[in-house]
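Single-structure report; data block below.
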2 protein chains.
Amino acid sequence: MNLKLQSFFPYQLAVLAETVSRAMAQVYAERFELSRDEWRVVAALYENGAMKTTDVIAQTTLDKMQVSRAVARLEHDGLLQRSEDSADRRNKVLRLLPAGQAQVARIVPLVQARVEFLLEALDADERRSLEALFGKLQSRATQLIRQG
Amino acid sequence: MNLKLQSFFPYQLAVLAETVSRAMAQVYAERFELSRDEWRVVAALYENGAMKTTDVIAQTTLDKMQVSRAVARLEHDGLLQRSEDSADRRNKVLRLLPAGQAQVARIVPLVQARVEFLLEALDADERRSLEALFGKLQSRATQLIRQG
DNA sequence: TATTGTTATACTCTATAACTATA
DNA sequence: TATAGTTATAGAGTATAACAATA
């Protein structure tokens with residue numbers, strides 16, 4: 001193994017993720033003024049319909065504070081609605097408003113086109129292989145963190 | 001393509017990179033109190049010996065402000081030495097001091113062991129393939145950013 | 001005029017925990 | 001007592017640009 005940053009796996013991964021993340025943020029942040037956390041929240045709601053805050057947290061890798069703040073801003077901007085869950089009044093149920101739906105509907109094809117552009121570089125085998133490699137690495141990295 | 005975050009490529013990549021990055025930071029940050037930027041600077045100097053600031057910038061994806069601040073703290077902590085370049089007195093030449101060398105020498109094997117643990121999940125073919133895939137994706141992502 | 005590196009400033013993110021309300 | 005969600009606050013990181021020294 002080589003410490004030279006350019007060939008050091010964690011460095012390559014960090015640089016690639018940062019680059020891809022910026023390429024996506026050029027769409028949802030620069031053109032649509034959403035933060036990354038706001039984008040994750042609306043993307044989850046767009047895909048799943050109404051969700052409880054706890055489920056959004058589970059699906060987005062955001063913590064409750066990040067979701068709370070993203071939701072407050074999205075509600076203020078009229079993109080989503082927050083309502084109580086009659087089954088357990090500690091929960092909040094989140095739902096995109098029409099303006100939010102429309103906003104996400106404008107963003108999604110642009111973001112998908114960018115992802116497609118990235119993945120065009122890979123054939124079907126390579127895409128499958130990438131997915132498998134990510135799965136293995138993710139599970140090992142999670143193990144490392146747990147061990148501390 | 002699927003917008004569902006869990007199967008959305010940029011999301012998987014961001015989560016993986018974040019996890020790996022934390023696993024590495026557990027070593028250099030929690031045990032050795034270096035920031036990510038400081039770690040990149042000392043790693044580059046450890047690998048290459050004395051370097052001009054501009055070369056550190058080129059090799060670390062950090063900008064001049066990040067390097068300037070990282071270097072100021074590393075110098076304050078007695079880990080590196082900053083001196084002038086007689087050929088062009090605008091440049092600063094950076095060099096690890098013995099204390100810095102020793103510090104990095106303690107960190108490197110721990111970090112390498114963690115990377116080895118991650119990559120153990122992959123056979124030789126898979127490692128090569130990962131490297132190739134990263135290269136293709138990085139070049140496409142950079143293209144996207146340039147286009148804006 | 002352009003480049004290297006430092007400093008200033010404002011802004012955003014993050015981490016931790018205290019707090020309110022419900023259960 | 002425990003959980004869902006909000007608020008407070010301090011610290012870290014980021015972005016932009018002004019600036020001094022040198023070329």
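Lettering of chains follows the sequences in order, A, B, ..., and the numbering in each one begins at 1. Source: prediction; values computed, not measured.
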I'd like to check A:Gln81 versus A:Glu75 (side-chain heavy atoms, cut-off strictly below 4.5 Å). Are they in contact? no
Whole Å only: how far is the CG atom of A:Asp63 from the P atom of D:dT7? 15 Å
Can you tell me how far C1' of C:dT4 sits from CG of B:Asp55, to the nearest Å? 12 Å
Side chains of A:Leu62 and A:Ile57: does their closest heavy-atom pair fall under 4.5 Å? no
Toward the 5' end of DNA chain C, which comes first, B:Val67 or A:Asp37, by nearest nucleotide? B:Val67
Sidechain-backbone polar pair: A:Asp77 side chain, A:Leu79 backbone, donor-acceptor under 3.5 Å: no
Is the closest side-chain heavy-atom distance between A:Met51 and A:Leu45 below 4.5 Å? yes
Remember a base hit wins even if backbone is also touched, and classify B:Lys92 as base, sugar-phosphate or nothing at under 4.0 Å, heavy atoms. sugar-phosphate
A:Phe134 and B:Phe9 aromatic ring geometry - parallel, tilted or perpendicular at 30°/60° bounds: parallel
Side-chain N or O of A:Gln66 less than 4.0 angstrom from OP1 or OP2 on C:dT14? yes
Could you tell me whether the side chain of A:Val15 reaches within less than 4.5 Å of the side chain of B:Gln138, counting heavy atoms only? yes
When you check the phosphate oxygens OP1 and OP2 of D:dT6, does a side-chain N or O of A:Ser68 lie under 4.0 Å from one of them? yes
Could you identify which residues of residues 69-76 of chain A place a heavy atom less than 4.0 Å from some atom of DNA chain D, listed by residue number, or say none? A:Arg69
Under the 6.0 Å and 45° cation-pi test, does A:Arg36 pair with A:Tyr28? no
Thinking salt bridges, do A:Glu126 and B:Lys136 make one under a 4.0 Å N-O criterion? yes
Approximate separation, where rounding is to 0.5 Å, of A:Leu16 CG and B:Leu137 CG: 5.5 Å
Give the nucleotide from the list D:dG13, C:dG5, D:dT16 with an atom nearest to the side chain of B:Met65. D:dT16
State, yes or no, whether a side-chain contact exists between A:Glu131 and B:Gln12 at a heavy-atom distance under 4.5 Å. yes
Who pairs with B:Ala50 by side chain to side chain contact (heavy atoms under 4.5 Å, CB included), at least two apart in sequence or on another chain? B:Val93, B:Arg95
Residues of residues 12-23 of chain A with a heavy atom under 4.0 Å from any atom of DNA chain D, listed by number, are A:Arg22
Starting at NZ of B:Lys52 and ending at P of D:dT22, how long is that distance when rounded to a whole Å? 17 Å
Heavy atom of residues 80-91 of chain B under 4.0 Å from DNA chain C: which residues? B:Arg82, B:Arg90, B:Asn91
When rounded to whole Å, the CG to C1' distance for the pair B:Leu62 and C:dG5 reads 15 Å
Do A:Gln143 and A:Arg146 have a side chain donor and acceptor closer than 3.5 Å? no
For the helix from C:dT1-D:dA23 to C:dA23-D:dT1, figure out the bend between the end axes, five pairs an end, and round to 10 degrees. 10°
Whole-Å distance between C:dT14 C1' and A:Lys64 NZ? 15 Å
With side chain to side chain donor-acceptor pair (under 3.5 Å) as the rule and sequence neighbours excluded, what pairs involving residues 54-70 of chain A come up? A:Asn48-A:Gln59, A:Thr61-B:Tyr11
Nearest-Å distance for atom pair CD/C1', residues B:Glu33 and D:dG11: 15 Å
Would you mind reporting whether A:Leu74 and A:Leu34 have side-chain heavy atoms less than 4.5 Å apart? yes
Is there a side-chain polar atom (N or O) of A:Thr53 under 4.0 Å from OP1 or OP2 of D:dA4? no
